[in-house]
Structures are given as C-alpha cells and as structure tokens.
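Quantities reported herein were computed from a predicted structural model and do not represent experimental measurements. We're numbering straight along the sequence, starting at 1.
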Amino acid sequence: MIDKEKLKMLRISPNLLNDFGVLMAEEQKEHDNVHLDMLRHSTSHVMAQAVRDLFPDAKVAIGPSIENGFYYDFDYEPGFTEEDLSKIENRMKELVKMDLPIVRKMVGKEEAIALFRSMGENFKVELIEDIGDTEVSLYTQGNFTDLCRGPHLPSTGKLGAFKLLSLAGAYWKGDEKNKMLTRIYGTAFPDEASLNNYLNFLEEVKKRDHRRLGKELDLFSLSDDVGAGLVIYHPNGALLRYILEDFERKEHLKRGYQFVVGPHILKLDMWKRSGHFDNYRDNMYFTKIDDVDYGIKPMNCLSHIMVYRSKIRSYRDLPLRYFELGTVCRHEKSGVLHGLLRVREFTQDDAHIFLRQDQLHEEILNIIQFVRDVMAIFNFEYEMEISTRPEKYIGTLEDWNKAEQVLKSVLVSQDIPFDINEGDGAFYGPKIDVKLKDAIGRKWQCATIQCDFALPERFDLTYVDSDSKRKRPVMLHRVILGAMERFIGILIEHYGGRFPVWLAPTQVIIMSITDEQASYVSALHANMIHEGIRAEVDTRNEKLSLKIREGVVKKVPYLLIVGKKEMANDTVSVRVRDGGELKDVAIKDFIERVKDENLLRR
C-alpha cells in the first residue's frame with residue numbers, strides 16, 4: 001500500500017492523493033527501483049566472481065549498486081586493462097548461463113572472519129571486524145562467497161543485460177592514507193533495449209564532456225604544475241565568465257542587493273566563533289601570520305556578518321541584502337576532483353540577507369522567483385529538495401524547527417513539489433536545494449537557500465525594533481548559480497559548447513576570401529566591436545573551406561564571408577551555426593540581428 005503521509009512529506013500535491021492511477025504509478029516506480037537496485041547489486045557480485053575466476057590473485061573489496069549502475073573495487077597489483085574488461089564480461093555471461101543459485105546464510109562474526117581470512121580476503125575481514133552485530137550475512141553463488149546485506153536475485157540466470165564501462169582508481173574506504181585499489185564500473189538493465197538506450201546516452205555525455213570541449217574551445221586548463229583542482233581561465237573562458245558575472249551583477253542590482261567584498265583570510269577565532277572550526281575544518285586551509293592563526297575562507301558569510309555589525313540597524317533597514325562574487329577555497333579530496341565540476345578554489349554568487357522573522361516568507365519567495373527567472377534564461381528545468389538538521393549542528397532545536405517549517409511552508413504555499421533530504425542541511429541551518437535538469441536529463445545541484453538562526457546569535461547581531469527594543473535578525477544564505485566554475489562546466493555540457501549568442505565568447509568570425517578584402521574585413525571588425533559585438537577576423541591566406549571548418553569546430557554562432565561581391569555591395573554572406581546560410585545581408589541588418597539576440601536574455 002502507498003503511505004499517504006509519506007507522499008505528503010514528499011509534497012506530492014494533495015489533489016493527487018485521491019488519484020488512484022497516480023498512486024499506483026508511484027508504487028510501481030518504487031517497486032521497479034528496488035528491483036533495478038537488486039539486479040545491479042547481483043550483477044556486481046557476478047562481476048566479482050568472474051574477476052576471481054580469471055585473476056585468482058585479485059582481492060575483493062566492496063561492490064555496491066549506484067545510480068545508473070554498479071562498481072566493485074579490487075586489489076590486483078598488475079592492474080586491469082581495457083582488454084581485461086571484455087574478458088571479464090564474457091566470463092560473466094558464462095556464469096549467467098550456468099544459472100547458479102544465489103544463497104544467503106547467516107553466520108557468526110568469528111566464523112565469517114575465519115572464512116575470509118582463509119581465503120586471503122583481508123578487506124572483508126576488516127569490514128566484518130567493524131560490524132557491531134554478532135552475526136553477518138553471506139551470499140554464495142557457485143565457488144564465490146561474499147559478505148553482503150543483500151537482497152539479491154535468486155540466481156545468476158535472472159540477470160538482465162549488462163556492460164562493463166571503465167576503470168578508475170579508488171582509495172580503500174575513500175581515505176587517501178589507505179591503499180589505492182582498482183575500481184571497475186559497469187551498468188545493468190532488465191533488457192537489451194534499456195541498456196542500449198543508456199549506452200547511447202553515455203555517448204552523448206562523452207560528446208558534451210566539458211573537459212574535452214573546454215580544451216577544444218580554448219576555455220580553461222588544469223595543470224599538475226599549478227595544483228589539482230585549481231582552474232586557469234584562457235581568454236575565451238575568462239570572457240565567458242565575465243559575461244556571466246556581468247549578468248549576475250545587473251540582475252542583483254535590479255532586486256535591491258548591495259555589493260560587498262570581504263578578505264580571503266580571517267582570524268581563526270572568527271571561524272571558531274562561527275562553528276566552522278568545529279564542524280567544517282576538514283574542508284578548510286589554515287595559515288599563520290605574525291604568530292596569529294588564520295583560516296582561508298571556505299564561505300563568504302563572516303565578512304557579510306561584519307558589514308551588518310558595523311553599525312546599529314533599525315527594523316526599517318531590513319531586509320539588508322549583501323551580494324559578493326566571493327572566491328573561496330575548500331579542501332576537497334583529490335579523488336573527487338573533476339574538471340570544473342569539483343575544484344578546490346571557486347567563486348560563488350553569494351548573498352546573505354538579514355531580516356526580521358516576519359519577513360522570512362516573502363523574502364524566500366523573492367529568492368525562488370529569482371531562481372525561476374534565471375533558470376528560464378538558460379532553459380533549465382529544475383526540482384526542489386529540503387535538507388533537514390544534520391547530526392552535528394549549532395543552534396537550538398526550537399530554531400531549527402522554525403527554520404525547517406518556514407522553508408516547507410513557502411514551497412507548500414506555491415504548490416511547489418519537493419523531496420525531503422533527511423540530515424543533509426548545513427550545520428547552521430536547513431536549506432532548499434534546487435536541482436537543475438540539463439538538456440539530456442541529468443540533474444545538477446546549484447542554487448540553494450539556507451535559513452540560519454544560529455550565526456546571528458553567535459555574533460550577537462541585533463536591530464532596533466519599532467518598540468525600541470533590540471531584537472535578533474534571521475540570516476538567509478543563498479546562491480543562484482552557485483559556484484561559477486561548476487555552473488560554467490554545467491553550461492558547457494548543457495549546450496554542448498554551442499552557447500546562445502548573448503553568452504558566446506566569440507559571436508562572429510569575419511572571413512576574407514582573398515587578400516583583397518583584408519582592409520574591408522578590418523574596418524567591418526572595428527565597426528562590430530564599436531557596436532558591442534564580440535567579433536574576430538580570419539584573413540589568413542588559407543582556403544575558405546578550411547576557415548569555415550575551423551569556425552564550425554569552434555561552435556561560433558555566425559561566420560561572415562566577404563568576397564569581391566560583398567565588398568562592392570557593402571554586404572556579407574552569413575553562415576549560421578545551425579547550418580543555415582544567408583546571402584547578401586546588409587551589414588546594418590546583421591548588426592541589429594546580433595544586438596537583438598544579445599537582448600533575448602532579458
């Protein structure tokens with residue numbers, strides 16, 4: 001049966017609760033997800049069995065199902081190759097044909113430890129020793145036994161269609177101090193058609209990979225000489241970022257935000273007072289100056305708090321909205337760094353709003369509308385999720401309950417569906433997370449709205465109310481795009497590098513057919529720059545077909561071709577990025593076209 005209270009918590013609209021078809025669809029979806037998880041988990045065990053059959057010296061670590069597939073970690077000194085994946089896959093198919101029963105058995109911890117120690121499976125021994133229960137469950141299929149909670153399919157013959165995808169390194173238990181293992185990723189589906197659809201999706205993901213496109217379009221680079229997770233923007237990438245930041249500044253000014261700028265390092269005592277040192281220091285960098293300890297900021301909020309504290313505030317001043325494109329540093333583990341999507345230094349479109357409790361509902365609504373407006377510009381669909389109180393938190397339980405309630409009430413009042421992400425709030429307050437859906441359906445977490453009663457208390461923030469008494473404000477932490485680096489990476493993949501005209505670093509390349517048009521092209525270029533169009537010239541003594549081909553690779557929206565006829569008529573021939581061609585276009589008309597497209601984002 002469907003739990004209606006659970007559906008209410010998930011914010012499925014109440015008018016749907018009586019719709020039997022919707023309820024059945026939700027129940028079927030949950031059932032399908034459980035079966036798919038079981039299928040993938042069982043497939044990971046079959047993969048581990050195949051590896052042990054083919055490479056008896058390989059030691060088995062852990063192998064869960066994950067979103068869209070599964071993986072298993074192995075300790076195998078020679079390492080695996082891409083050719084090995086096909087061998088393992090073939091052996092898996094043989095094990096499926098054998099239709100081996102998958103049998104569960106509960107055994108005492110000591111018996112299990114003795115069993116895996118006799119097999120030389122030291123990783124399993126360590127896992128069992130960490131388990132608090134007196135018994136553990138083992139699953140056996142043929143000659144392979146594994147430690148696992150389950151559940152699993154009844155036999156290997158019940159597996160569907162599967163494919164091994166890639167190899168990667170992974171530290172044991174995710175700790176860089178531990179041994180590096182080899183991780184084999186794979187995916188599995190109930191049937192071949194579903195598998196093929198997913199493999200086609202992966203091919204599209206590869207085409208859109210922002211790391212590949214970033215190099216092709218000369219946007220950015222990452223260098224081991226500089227350091228992992230540190231981005232170097234090339235001219236095209238720096239211009240793309242400037243365009244986004246300029247857009248952000250104008251949008252914030254329109255909505256009553258004031259610009260502030262804080263330092264990159266603050267005294268350690270500040271971070272202790274805020275709770276970051278106790279709750280976030282593993283993600284921070286520290287330094288010492290003149291025997292005084294400092295923390296390099298992982299967030300911008302403390303400087304904004306100090307701006308608020310700089311003078312007495314009246315209830316009439318509130319809400320105060322402070323905005324900063326603030327660069328922060330966070331100590332991310334090397335194993336999770338990924339192009340622009342996970343870095344160690346990044347810039348947030350960060351804002352902190354100080355307000356009265358009675359203003360919370362309206363202000364959160366304003367932020368949600370801000371998010372809606374911006375996401376519409378980039379053609380992003382999105383979903384919302386509320387992350388609640390974590391195990392480690394600051395502030396009072398009463399304030400946490402108030403903060404969570406106001407976030408929920410705002411979304412409910414707008415009939416906005418949301419999920420509950422239990423225990424994943426920031427240590428100082430719950431939050432609304434906005435998850436974007438890109439052009440090929442992937443979800444990305446970017447915008448967030450955090451409701452904080454704790455830091456105003458810790459820093460003794462006050463305002464003078466209408467009754468002349470000092471009251472405590474509430475603080476909203478929020479970003480719209482989030483980390484600029486991450487958002488740029490998402491945009492590259494969302495558009496496949498084909499940025500809309502207003503966002504493209506180079507909007508136009510003007511090409512000459514022969515050297516005769518060089519001076520005309522230069523004059524045309526100067527005119528376009530004067531009109532605010534981002535244009536380049538290509539007057540090289542090369543074949544026109546080569547120039548066009550290179551312009552297409554750069555994904556420039558417009559390629560303008562100038563020959564004798566165009567020069568004589570004061571026109572251009574236009575090759576549009578989508579493949580269309582326009583002949584004998586008046587220069588004035590083309591300039592107006594681009595200027596109009598620059599305004600579309602507004």
Between [Y] and [X], is there a side-chain donor-acceptor contact under 3.5 Å, judged purely by atom types and distance?
X	Y	answer
His234	Asp218	yes
Arg104	Thr140	no
His477	Asp452	yes
Asn122	Glu126	no

Got a list of side-chain donor-acceptor pairs under 3.5 Å for residues 426-437, not counting sequence neighbours?
{"from": "Tyr428", "atom 1": "OH", "to": "Gln450", "atom 2": "OE1", "distance (Å)": "2.7"}
{"from": "Asp433", "atom 1": "OD1", "to": "Gln445", "atom 2": "NE2", "distance (Å)": "3.3"}
{"from": "Asp433", "atom 1": "OD1", "to": "Thr448", "atom 2": "OG1", "distance (Å)": "2.9"}
{"from": "Asp433", "atom 1": "OD2", "to": "Ser387", "atom 2": "OG", "distance (Å)": "3.3"}
{"from": "Lys435", "atom 1": "NZ", "to": "Glu385", "atom 2": "OE1", "distance (Å)": "3.4"}
{"from": "Lys435", "atom 1": "NZ", "to": "Glu385", "atom 2": "OE2", "distance (Å)": "3.4"}

- Would you indicate whether the side-chain heavy atoms of Lys163 and Glu89 approach each other to under 4.5 Å?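 Yes, at least one pair of side-chain atoms sits under 4.5 Å.
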- Could you tell me which non-hydrogen atom of Ala228 sits nearest to which non-hydrogen atom of Leu337, and how far apart they are?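 Looks like CB-CD1, 3.6 Å.
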- Item | Shortest non-hydrogen contact between Ser44 and Gly63, atoms and distance |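 Taking every non-hydrogen atom into account, OG-O, 2.9 Å.
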- Query: Is Arg40 close enough and on-axis enough to Phe70, meaning under 6.0 Å and within 45°, for cation-pi?
  - Reply: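 No, cation not above the ring by the 6.0 Å, 45° rule.
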Measure centre to centre between the rings of [X] and [Y], then say whether the value is under 6.0 Å.
X	Y	value
Tyr139	His152	yes
Phe346	Phe487	no
Phe74	Tyr72	yes

- Taking everything shown except Lys109 itself, do over 12 heavy atoms lie less than 6.0 Å from its NZ?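 Yes, the 6.0 Å shell around NZ holds more than 12 heavy atoms from other groups.
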- Is Ser137 reaching over with its side chain to a backbone N or O of Met106, donor-acceptor style, under 3.5 angstrom?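 Side chain of Ser137 to backbone of Met106: no pair is present.
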- Arg117: what forms a salt bridge (charged side-chain N to carboxylate O under 4.0 Å, His left out) with it, not counting sequence neighbours?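 Testing Arg117 for salt bridge (charged side-chain N to carboxylate O under 4.0 Å, His left out), a comparison that skips the adjacent residues, returns Glu129.
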- Task: List in chain and number order the residues that pass salt bridge (charged side-chain N to carboxylate O under 4.0 Å, His left out) with Arg52, two or more places apart in sequence or in another chain; answer none if no residue qualifies.
- Result: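 So Arg52 forms a salt bridge (charged side-chain N to carboxylate O under 4.0 Å, His left out) with Glu121.
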